[in-house]
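This report refers to the structure that appears directly beneath it.
Computation of the quantities below employed the complete heavy-atom set of this structure, encompassing side-chain atoms and omitting hydrogens, waters and symmetry-equivalent molecules.
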Amino acid sequence: MSDLLATVPEQDSPSGGRRRFARYLGGKVGGGLVSLFLVAVLGFFLFRVIPGDPVRTMTRGAPVSEQQIQVLRERFGLDQPLWKQFLDFIGNLLRGDLGTSYTYSRPVGDLIVERIGPTVLLVGTATALAVVLGLWMGSRAAWRHGGAFDKTSTSVALTLWSVPTFWLGLIVLMAFGVGVGPIPGLFPVGGISSPDTPPEFLPQLLDVAHHLVLPSLTMVAVIYAEYLMVMRSSLLEEMGEDYLTTARAKGLREDLVRRRHAVPNAMLPTVTLIFLRLGLVVGGAITVETVFSWPGLGLLTFEALRVPDLPLLQGIFIVLAGSVVVMNVLAELLYRVLDPRVRES
């Protein structure tokens with residue numbers, strides 16, 4: 001028996017599979033940590049090239065002397081050499097300290113925690129709607145490729161995909177918020193809630209949902225096309241496979257062949273794309289939040305750019321770019337779980 005076990009290849013044994021997965025996981029996590037470090041380095045030097053003096057911008061219009069400006073520079077550490085500022089930044093970052101905002105005089109971490117909730121709400125709602133819409137339209141377009149629905153849906157999706165987000169947001173804001181001609185505005189033009197809303201849970205919830213409609217609609221219109229096109233392309237590749245011919249030969253209805261066999265296999269690239277794009281969508285919320293005055297990280301970034309508030313910009317950049325890195329690692333791991341061919345490689 002021992003001789004028989006000795007002939008089993010290591011990769012086919014359970015322990016060999018676990019070691020192979022551990023190596024794979026370690027490689028991906030290690031690569032992610034290196035990427036996060038590079039993000040931190042880039043985040044520090046990127047905002048040092050932004051034109052403008054933070055101290056003079058904050059004191060613009062105020063009767064301050066050069067001596068007072070120099071005191072503010074020393075307080076913010078801007079009088080130190082660049083290499084010394086960088087070492088201090090990395091040291092603080094390793095301790096979990098993102099610095100103190102010039103504008104708000106508060107820890108950057110606290111400001112990000114306050115604003116991340118509205119951003120997650122907006123991005124999560126828009127992504128969920130875009131995924132459902134994109135997958136449904138993509139599968140129907142592929143199954144009837146070349147037809148009227150396929151041509152119309154792909155043309156509309158690609159057109160919206162190519163439109164600048166801020167421009168589309170302004171159009172949506174004017175059409176459904178301000179109103180056009182005799183048609184009144186149906187939705188709020190900005191913010192996340194109305195000050196006169198009763199404090200009860202249900203009225204507050206409905207008010208937030210009312211404010212959420214226009215910014216989420218704008219994001220959905222821009223991002224759903226990518227899911228549609230990937231799903232359409234994946235399903236078109238699956239439609240020529242032999243297993244679908246076998247399913248039809250067994251007498252299954254065309255609708256069942258599509259839903260039970262073709263679509264699940266075509267979902268693999270799309271599921272991976274959802275995770276890959278989720279981090280990028282968070283960063284893409286900057287323009288939408290600015291147009292609709294949505295109090296999330298996007299609007300906070302716009303406010304920080306006007307100074308420029310270097311610690312706040314660095315902190316937001318690390319959070320947004322870090323979310324992209326984390327989602328990429330999760331996508332790699334998820335694809336290995338979903339696709340047996342990757343597990344066996």
Practice problem: Could you tell me which residues satisfy salt bridge (Lys or Arg N to Asp or Glu O under 4.0 Å) with D150, sequence neighbours excluded, listed by chain and number? | Solution: R232

Exercise. Sequence neighbours left out, what passes side-chain contact (heavy atoms from CB on, under 4.5 Å) with L186? Give chain and number order.
Key: none

Quiz prompt | Under 3.5 Å donor-acceptor, E289 side chain and L297 backbone | solution = yes

Could you list the donor-acceptor pairs under 3.5 angstrom formed by side chains in residues 34-45, with sequence neighbours left out?
residue: S35; atom: OG; partner: G31; partner atom: O; Å: 3.0

Quiz item: Residues two or more places apart in sequence or in another chain: which of them pass side-chain hydrogen bond (donor to acceptor under 3.5 Å, both in side chains) with Q204?
Solution: none

Quiz item: Any side-chain heavy-atom pair from L313 and Y102 closer than 4.5 angstrom?
Solution: no

Quiz prompt | Pair D309-S101, side-chain donor/acceptor within less than 3.5 Å | solution = yes

Quiz item: What residues form a side-chain hydrogen bond (donor to acceptor under 3.5 Å, both in side chains) with D110, not counting sequence neighbours?
Solution: none

Self-check item: Any residue meeting side-chain hydrogen bond (donor to acceptor under 3.5 Å, both in side chains) with T159, in chain and number order, not counting sequence neighbours
Solution: none

Self-check item: Residue list, side-chain hydrogen bond (donor to acceptor under 3.5 Å, both in side chains) with K84, at least two apart or on another chain
Solution: D88

Quiz item: Transitive ILVMFWY cluster of V113 at side-chain heavy atoms under 4.5 Å: who else is in it?
Solution: none

Quiz item: With no hydrogens and no angle check, is any side-chain donor or acceptor of T125 less than 3.5 Å from a backbone partner on L122?
Solution: no

Quiz item: What residues form a side-chain contact (heavy atoms from CB on, under 4.5 Å) with V189, not counting sequence neighbours?
Solution: L173, V178

Exercise. Name all pairs fulfilling the side chain to side chain donor-acceptor pair (under 3.5 Å) condition that reach into residues 213-231, sequence neighbours left out, sorted by first residue then second.
Key: E226-R277

Exercise. With sequence neighbours left out, write down each residue that passes side-chain contact (heavy atoms from CB on, under 4.5 Å) with L170, or none if nothing qualifies.
Key: F166, V291

Quiz item: Partners of H210 by ring pair (Phe, Tyr, Trp, His ring centres under 6.0 Å), sequence neighbours excluded?
Solution: F187

Quiz prompt | Residue pair T290 / T301, side-chain heavy-atom distance below 4.5 Å | solution = no

